[in-house]
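Inspection log for the structure reproduced underneath, given as structure tokens.
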Number of protein chains: 2
Amino acid sequence: MESEATETAETRWLDQTERDAWLRLVAVVELLPGVLDAQLRGSAGLTHFEYFVLAMLSEARERTLRMTTLAQRTNATLPRLSHVVRRLEDRGLVERVPCPEDRRATNAHLTDAGWDAVVDAAPGHVETVRTHVLDPLTREQLSQLRAIGDSLLATLDPEGRMTALFDGGA
Amino acid sequence: MESEATETAETRWLDQTERDAWLRLVAVVELLPGVLDAQLRGSAGLTHFEYFVLAMLSEARERTLRMTTLAQRTNATLPRLSHVVRRLEDRGLVERVPCPEDRRATNAHLTDAGWDAVVDAAPGHVETVRTHVLDPLTREQLSQLRAIGDSLLATLDPEGRMTALFDGGA
DNA sequence: CCCGTTTGGTTGTCGCTTCAAGTAACACCT
DNA sequence: AGGTGTTACTTGAAGCGACAACCAAACGGG
């Protein structure tokens, strides 16, 4: 698909090294969510995203977080999070509590049942992460992956919304 | 779900290095699809997956591929691909042709309009990939990413369905 | 041949994400 | 106080993907 010249700017097509890296990254990005979802759904009846939401709450002070904060940490839009939390609330895993200091705001609070759900789901999830991601890599590759991730997130997530996890993280 | 305490095997939790790598990978996996979709949708009215389908066809012999083969290369389930191809056909970008050799099978063929759509969309897409993925990384990191990707795909995609791109690829 | 099985694809339904719109509360300015 | 704009969140409709059920054509023995 090498088009003739004369575009506003010449497109720099990918060389072999770039293509190799890119195709593999795309494949991983495409496949990983399915694997995570399948395992969690089968063993705990949770989406990976739902699990992630519960996990974030479980690590938060008082097991409580403002919807906006939670949305940032999970990289969700507010509508998405609102729907998910409503469903989790229907299942008794999360509670919505109006925030006393700012009456516009809502605090999402992990219930005891929600805590149990995370605790139950965690080992299987960690095991999946190990077998599919961590164990196949050498220690050196883990460090490389961390560095690569940082570089990518610098442009993918310039505000560092999701990286609150790393910096202040638990 | 998990029955009583102290499961069959003690869970090996993540150490710092593992956690660092994993959280960044999750963040990238979560953010990248959105970025790709947004750019392609805005500039070409295509999903990244739709673009990928068209791109696979554009590189195939005769610009034609069996549905099953196309599904494997794009890591789609057959129902998903069927729906997507129908929509692409409605827009005149793809044609369905019954396969003469195997009358169960259907060949998806890229129309001229479909070819044009890929050619139009490609530069912007490549540019996005550059700015968000390739350019932030050093040449060495690209090689590392390739190796890491290979290791992950060994377990994520054991049959190597998606890797047909690398090996025989064009 | 004929029948059971496998392969190739399509269709329908459901759940989740997104997008657009709407409501309520705060904050600031006058 | 009143008005304007912004923030925080919810809701409803629309679109896409997953799963299951389905049909049709191709094997593969007896």
Side-chain angles (χ1 to χ4, degrees), chain A residues 29-42 45-54 64-91 93-109 159 161, chain B residues 29-42 45-53 64-91 94-109 159 161:
Chain A
V29 163
E30 197 75 19
L31 290 168
L32 192 49
V35 171
L36 299 177
D37 276 341
Q39 185 274 321
L40 277 169
R41 187 173 282 279
L46 291 171
T47 305
H48 177 246
F49 180 72
E50 291 173 332
Y51 172 83
F52 205 79
V53 167
L54 297 181
T64 298
L65 244 32
R66 292 269 282 263
M67 290 293 282
T68 302
T69 310
L70 188 53
Q72 289 174 345
R73 299 228 177 146
T74 57
N75 184 44
T77 59
L78 219 29
R80 178 186 185 186
L81 182 64
S82 184
H83 284 138
V84 169
V85 168
R86 176 175 46 70
R87 291 188 288 257
L88 291 175
E89 193 175 23
D90 291 342
R91 294 161 64 183
L93 305 181
V94 167
E95 243 177 2
R96 275 179 152 114
V97 182
C99 178
E101 297 136 351
D102 184 340
R103 280 184 306 185
R104 297 172 294 183
T106 306
N107 284 328
H109 174 252
E159 274 82 26
R161 309 186 316 171
Chain B
V29 164
E30 198 74 21
L31 290 168
L32 192 50
V35 171
L36 298 178
D37 275 341
Q39 185 274 321
L40 277 169
R41 188 173 280 281
L46 291 171
T47 306
H48 177 246
F49 179 73
E50 291 172 332
Y51 173 82
F52 206 79
V53 167
T64 300
L65 244 32
R66 291 271 281 267
M67 291 293 282
T68 302
T69 310
L70 188 52
Q72 289 174 345
R73 300 229 177 146
T74 57
N75 186 46
T77 59
L78 220 30
R80 178 185 185 186
L81 183 65
S82 185
H83 282 139
V84 170
V85 168
R86 177 175 45 71
R87 292 188 286 259
L88 291 175
E89 193 174 23
D90 291 344
R91 294 159 66 182
V94 168
E95 242 177 2
R96 275 177 152 118
V97 182
C99 177
E101 297 136 351
D102 185 339
R103 280 186 306 184
R104 297 172 293 183
T106 307
N107 284 328
H109 174 251
E159 274 82 27
R161 310 186 315 171

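So that the names make sense, note that chain A is the first sequence line, chain B the second, and so on, each numbered from 1. The figures here come from the full heavy-atom set of this structure, side chains too, leaving out hydrogens, waters and symmetry mates.
- Between B/C99 and B/R66, the closest side-chain pair of non-hydrogen atoms falls below 4.5 Å.
- Among all heavy-atom pairs drawn from B/T74 and B/F52, the shortest one is CG2-CD2, 3.8 Å.
- Between B/R66 atom CZ and D/dA26 atom P there is a gap of 11 Å when expressed in whole angstrom units.
- Atom-to-atom, CG of A/D90 to P of C/dG15 comes out at 13 Å; the value is rounded to the nearest Å.
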Donor-acceptor contacts, no H, no angles, side chain residues 76-88 of chain B, under 3.5 Å, sequence neighbours left out:
from, atom 1, to, atom 2, distance (Å)
B/T77, OG1, B/R80, N, 3.4
B/S82, OG, B/R96, NH2, 3.3
B/H83, ND1, B/P79, O, 3.4

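- In the helix from C/dC1-D/dG30 to C/dT30-D/dA1, the end axes, each obtained as the rotation axis mapping the C1' atoms of four pairs onto the next four within a five-pair block, lie 20° apart to the nearest 10 degrees.
- Between atom CG of residue B/L46 and atom CZ of residue B/R91 there is a gap of 5.5 Å, rounded to the nearest 0.5 Å.
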Please list each protein N or O that sits under 3.5 Å from an N or O in nucleotides 22-26 of chain C, with the distance.
from, atom 1, to, atom 2, distance (Å)
C/dC26, OP1, A/R103, N, 2.9
C/dC26, OP2, A/R103, NH2, 3.4

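- By the ring pair (Phe, Tyr, Trp, His ring centres under 6.0 Å) test, A/Y51 is found to be paired with A/H125, residues two or more places apart in sequence or in another chain being considered.
- In terms of heavy-atom proximity, B/A108 sits nearest to B/M67 at CB-SD, 4.2 Å.
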(message) Treating primed atoms plus P, OP1 and OP2 as sugar-phosphate and everything else as base, which nucleotides of nucleotides 10-19 of chain D get B, S or - for protein heavy atoms under 4.0 Å?
(response) BBB---SSBB

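- A side chain to side chain contact (heavy atoms under 4.5 Å, CB included) with B/H48 is found for one member of B/V35, B/L40, B/V53 and no other, namely B/L40.
- For A/R41, the side chain to side chain contact (heavy atoms under 4.5 Å, CB included) partners at least two apart in sequence or on another chain are A/T47.
- Proximity of A/V94 to A/E50: side-chain heavy atoms (C-beta onward) are nowhere separated by under 4.5 Å.
- By the 4.5 Å heavy-atom criterion applied to side chains, B/V97 and B/T64 are not counted as neighbours.
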